[in-house]
K.L.:
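The following block contains the structure, expressed as structure tokens.
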Amino acid sequence: MKKTNLTKIFIINAGEHFLHARGKFNTAVTAITTGYFSSRTDAPDIQVTTLKNGYLVMEEVEKYKWADLIIYHTPIWWFNIPHGLKRYFEVLSAGRLNGLSKGDGRSSENPAINYGTGGRLTQKPYLVTASMNAPENAFTAQGGFFSQHSVDDGILFGFHRMHAYMGMRKLESFHFYDLIKNANTTEYLNQYKLHLEKINRII
């Protein structure tokens with residue numbers, strides 16, 4: 001696959017204030033991401049949308065079309081993305097007739113086939129990080145809580161299919177586990193920087 005020329009990066013910070021959660025960790029991860037790409041000699045243009053600060057739907061549609069790479073930073077609340085990020089995806093609905101897709105890909109002549117092939121963001125790469133209280137072995141251990149379904153194949157399954165529907169290409173995710181009871185955030189953020197370097201080499 002042809003290497004993507006990263007000149008424009010769009011970052012979505014879905015961290016929110018809710019009870020004990022204050023959105024600080026995802027803000028820190030967003031800063032790491034912005035700093036990593038800004039420090040490159042060929043630094044790309046970067047746009048950041050922080051959902052708790054508000055946004056204009058049609059401006060966000062244009063950012064999806066503009067970007068070479070889209071990066072999401074989100075917490076996981078009650079085994080799903082938070083309501084603010086779910087609400088944000090009205091942007092994709094608004095973009096359905098504004099350049100992001102041409103419907104669901106089916107034709108009235110044969111509506112049984114080709115569902116989910118109408119996306120116009122063809123092979124546009126995206127990356128997601130998710131932060132959560134659950135420890136990693138809750139996803140991997142035999143008999144564990146998540147029945148050996150990974151974050152991407154379980155909690156984020158619908159999230160990824162949504163992006164496939166738009167024609168986008170999933171990059172390897174990076175997830176932050178056990179943040180409340182057993183977090184080494186410094187080490188985690190260092191690992192994430194290495195992940196960005198790996199993504200930058202292969203994208």
K.L.:
Counting only N and O atoms by type, is there a donor-acceptor contact under 3.5 Å from the side chain of Lys124 to the main-chain atoms of Tyr64?
P.N.:
yes
K.L.:
Using every non-hydrogen atom in the two residues, find where Leu69 and Leu6 come nearest and quote the distance to one decimal.
P.N.:
CB-CD2, 3.7 Å
K.L.:
Between Tyr188 (side chain) and Tyr177 (backbone), is there a donor-acceptor pair under 3.5 Å?
P.N.:
yes
K.L.:
Does the side chain of Asn114 pick up a donor-acceptor pair with the side chain of Ser107 at under 3.5 Å?
P.N.:
no
K.L.:
Please check if atom CZ in Phe89 has more than 12 non-hydrogen atoms from other residues, nucleotides or ligands closer than 6.0 Å.
P.N.:
yes
K.L.:
Would you say Ile81 and Trp78 are hydrophobically clustered, going by side-chain heavy atoms of ILVMFWY under 4.5 Å?
P.N.:
yes
K.L.:
Among the clusters formed by ILVMFWY side chains lying less than 4.5 Å apart, do Leu100 and Trp66 turn up in the same one?
P.N.:
yes
K.L.:
Check whether any side-chain heavy atom of Phe176 sits under 4.5 Å from a side-chain heavy atom of Val29, and report yes or no.
P.N.:
yes
K.L.:
Determine yes or no for a side-chain-to-main-chain donor-acceptor pair under 3.5 angstrom, with His175 supplying the side chain and Glu136 the backbone.
P.N.:
no
K.L.:
Taking the side chain from Asp45 and the backbone from Lys8, do they hold a donor-acceptor pair closer than 3.5 Å?
P.N.:
no
K.L.:
Ile155 and Phe145: same hydrophobic cluster, using ILVMFWY side-chain contacts below 4.5 Å?
P.N.:
yes
K.L.:
Looking at every non-hydrogen atom in both residues, tell me the closest pair between Arg96 and Gly103 and how far apart they are.
P.N.:
NH2-CA, 3.4 Å
K.L.:
Ignoring hydrogens and geometry, is there a side-chain-to-backbone donor-acceptor pair from Glu16 to Gly84 under 3.5 Å?
P.N.:
yes
K.L.:
Could you please spell out the steps behind the ring-ring contact (aromatic ring centres under 6.0 Å, His included) verdict for His160 and Tyr126?
P.N.:
CA-CA 10 Å; His160 290 305; Tyr126 73 96; 5.8 Å; yes
K.L.:
Does the Asp104 side chain pair with the main chain of Tyr115, one donor and one acceptor, at a distance under 3.5 Å?
P.N.:
no
K.L.:
More than 12 non-hydrogen atoms from neighbouring residues, nucleotides or ligands closer than 6.0 Å to NZ on Lys65, yes or no?
P.N.:
yes
K.L.:
Check the pair Tyr72, Tyr88 against ring-ring contact (aromatic ring centres under 6.0 Å, His included), reporting the backbone distance first and the verdict last.
P.N.:
CA-CA 12 Å; Tyr72 297 90; Tyr88 175 78; 7.5 Å; no
K.L.:
According to a 4.5 Å side-chain heavy-atom criterion applied to Ile, Leu, Val, Met, Phe, Trp and Tyr, with indirect links allowed, do Leu56 and Ile70 form part of one hydrophobic cluster?
P.N.:
no
K.L.:
Report whether Leu179 and Phe79 are members of the same hydrophobic cluster (ILVMFWY, side-chain heavy atoms less than 4.5 Å apart, transitive linking).
P.N.:
yes
K.L.:
Quick check: does any side chain N or O of His163 sit under 3.5 Å from a backbone N or O of Phe159, one acting as donor and the other as acceptor?
P.N.:
yes
